[in-house]
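Taking it in order: structure first as structure tokens, then the write-up.
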Amino acid sequence: IPVKSGKLVGPAYTKLSDCHPGDTLRLKAVLDSSSQFLKYLNSRDLKLGSKLQVTSVEPFDQSVVVSYGSRRGETLSHKVAQVLLGEKGG
């Protein structure tokens, strides 16, 4: 539903790249819908609704280490983390 100005307001999602160690993010959207990227997510068993626990963020390249489902210590590049959106605390 648009606001008075006519502008559509969507959900306020957080990028995984903006999260800190200890944060939890429920994956809700991706900014890259290319088949190559979706295949990458599928190969990592990352799906909408996945609950990601941020373990650490590497200072050198800002890659994010996360745990989700049965996976522990999965490293996602900063480029990937920038296009994964979700709800914090979800």
> At their closest point, which heavy atom of P59 faces which heavy atom of Q62, and how far apart are they?
Replying inline: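 Result for this residue pair: O-NE2, 2.9 Å.
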> Where is the tightest heavy-atom contact between S56 and P21, given as atom of each residue plus distance?
Replying inline: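 Of all heavy-atom pairs spanning S56 and P21, the closest is CA-CG, 3.9 Å.
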Between [Y] and [X], is there a side-chain heavy-atom distance shorter than 4.5 Å?
X   : Y   : answer
K28 : L48 : no
S67 : L52 : no
V64 : V54 : yes

>> For a side chain to side chain contact (heavy atoms under 4.5 Å, CB included) check, start with the C-alpha distance between E87 and L25, then their side-chain angles and the critical distance, and finish with the verdict.
In response: CA-CA 5 Å; E87 294 175 340; L25 189 81; 5.8 Å; no
To the nearest 0.5 angstrom, please state how far the [atom1] atom of [X] sits from the [atom2] atom of [Y].
X   : Y   : atom1 : atom2 : result
Q82 : D32 : CD    : CG    : 11.5 Å
S63 : L76 : OG    : CG    : 8.5 Å
F60 : H78 : CZ    : NE2   : 13.0 Å
D23 : H20 : CG    : NE2   : 6.0 Å
L84 : L41 : CG    : CG    : 6.0 Å

> Are there more than 12 heavy atoms of other residues, nucleotides or ligands under 6.0 Å from atom NZ of K47?
Replying inline: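 Check passes, neighbour count above 12.
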> Step by step, would you call Y68 with R44 a side chain to side chain contact (heavy atoms under 4.5 Å, CB included)?
Replying inline: CA-CA 10 Å; Y68 56 94; R44 302 297 291 265; 3.7 Å; yes
>> Test side chain to side chain contact (heavy atoms under 4.5 Å, CB included) on T14 and C19; report intermediate values, then the result.
In response: CA-CA 8 Å; T14 301; C19 291; 4.2 Å; yes
> Linking I/L/V/M/F/W/Y whenever any side-chain heavy atoms sit under 4.5 Å apart, do L85 and V83 land together?
Replying inline: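 Yes, L85 connects to V83 through the hydrophobic network.
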>> Taking V65 as the starting point, is it possible to reach V80 by hopping between hydrophobic residues whose side chains are less than 4.5 Å apart?
In response: no
>> Assess the residue pair Y13 and L31 against the criterion (side chain to side chain contact (heavy atoms under 4.5 Å, CB included)); give the C-alpha distance rounded to whole Å, side-chain angles, the decisive distance to 0.1 Å, and a yes or no.
In response: CA-CA 11 Å; Y13 291 144; L31 294 176; over 6 Å; no
>> Please tell me whether T24 and Q53 have a donor and an acceptor in their side chains that are separated by less than 3.5 angstrom.
In response: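 Distance-only check passes for T24 and Q53.
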